[in-house]
Amino acid sequence: MNTNVDMEKLQENAVKAFTTGFACSESVIVSLREALNLDIPDSAIAMSSGFPWGLGGGGCLCGAAAGGTMCIGFVYGRTDPGNPKINRCFELTNEFHDKFKEKFGATCCGELIKDFPDRDAPERKNCCTEYVKFAVSTVAEILIREAIKDGAD
């Protein structure tokens, strides 16, 4: 994992992805994959495509928060039933959740964009850009800190 990341460039790349065709969740994953040099497959980006607008428009979980959580899970999640490494994944995901909620007051998309009934409004896109920027930088900070603790790069 690349632990030498220019956070400003990371945020710029996330905003570029978000404003040129990717949704919030996809933008977070694409940007973190590139900045941290993670071997996240394109299929993971495709898997995140249902998250925007709170699970396909349902107003639940913020897509930027979901994309960030998927990246934490990619690095610290488990693939074997019962593997206790899930506990670290939960701990880091909870840290990200709490920081996001503390910063914005919610993790629910419907609550975060309640003042923007038109999903296509530029003001809503500007608002969500802040969620994307916060998600990529916060998750990058968590993953880099943990990689350094684990003795990586």
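Quantities reported herein were computed from a predicted structural model and do not represent experimental measurements.
A chain of hydrophobic side-chain contacts below 4.5 Å, direct or via other Ile, Leu, Val, Met, Phe, Trp or Tyr residues, connects Val75 to Ile148. Each of Val132 and Val15 belongs to its own hydrophobic cluster when Ile, Leu, Val, Met, Phe, Trp and Tyr are linked at side-chain heavy-atom distances under 4.5 angstrom. Ile86 and Leu92 are assigned to two separate hydrophobic clusters, defined by single-linkage of ILVMFWY side chains at heavy-atom distances under 4.5 Å. Residues Ile45 and Leu38 fall within the same hydrophobic cluster, defined by Ile, Leu, Val, Met, Phe, Trp and Tyr side chains chained together at heavy-atom separations under 4.5 Å.
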**Q.** Test log, rule side-chain contact (heavy atoms from CB on, under 4.5 Å), inputs Met1 and Asp150
**A.** CA-CA 11 Å; Met1 175 186 309; Asp150 292 341; over 6 Å; no
Q. Does the pair Leu32 and Leu10 meet the rule for a side-chain contact (heavy atoms from CB on, under 4.5 Å), with working shown?
A. CA-CA 7 Å; Leu32 286 168; Leu10 169 60; 4.1 Å; yes
Q. How far apart are the C-alpha atoms of Leu143 and Glu146, what are their side-chain angles, what is the distance that settles it, and do they pass the side-chain contact (heavy atoms from CB on, under 4.5 Å) test?
A. CA-CA 5 Å; Leu143 293 178; Glu146 294 300 308; 5.8 Å; no
(Q) Determine whether Phe104 and Cys62 satisfy the following criterion, side-chain contact (heavy atoms from CB on, under 4.5 Å), listing intermediate values before the conclusion. (A) CA-CA 11 Å; Phe104 299 112; Cys62 168; over 6 Å; no
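Considering only heavy atoms from C-beta on, Ile144 comes within 4.5 Å of Leu36 through its side chain. Considering only heavy atoms from C-beta on, Phe74 stays 4.5 Å or farther from Arg33 through its side chain. Contact check for Thr138 versus Phe100: no side-chain heavy atoms found under the 4.5 Å cut-off.
Closest approach of Phe18 and Ala23 over heavy atoms only: CD1-C, 3.7 Å. Shown here for Gly63 and Cys24, the closest heavy-atom pair between the two residues is CA-SG, 3.5 Å. A pairwise comparison of heavy atoms in Asn83 and Arg78 identifies O-NH1, 3.1 Å as the closest pair. When all heavy atoms of Cys108 and Gly59 are compared, the pair lying nearest together is SG-O, 2.8 Å. Residues Tyr76 and Ala147 approach most closely at OH-N, 3.8 Å, considering heavy atoms. The shortest non-hydrogen separation linking Cys71 to Val139 is CB-CG1, 4.2 Å.
No donor-acceptor pair under 3.5 Å is formed between the side chain of Ser31 and the backbone N or O of Val28. At distances below 3.5 Å, not a single donor-acceptor pair connects side-chain atoms of Ser48 with backbone N or O atoms of Gly67. Checking side-chain atoms of Tyr131 against main-chain N and O of Leu112 turns up a donor-acceptor pair under 3.5 Å. Side chain of Asp6 to backbone of Lys9: a donor-acceptor contact under 3.5 angstrom is found.
Rounding to the nearest 0.5 angstrom, the gap separating the OG atom in Ser137 from the CE atom in Met7 is 6.5 Å. From Thr93, atom OG1 reaches atom CD1 of Ile142 across 8.0 Å, with rounding to the nearest 0.5 Å. Atom CD1 of Ile72 is separated from atom CZ of Arg88 by 11.5 Å, given to the nearest 0.5 angstrom.
Across His97, Glu102, Glu95, a single residue satisfies side-chain hydrogen bond (donor to acceptor under 3.5 Å, both in side chains) together with Lys99, and that is Glu95. Evaluated for a side chain to side chain contact (heavy atoms under 4.5 Å, CB included) with Cys128, the options Glu130, Lys125, Arg124 yield exactly one hit, Arg124.
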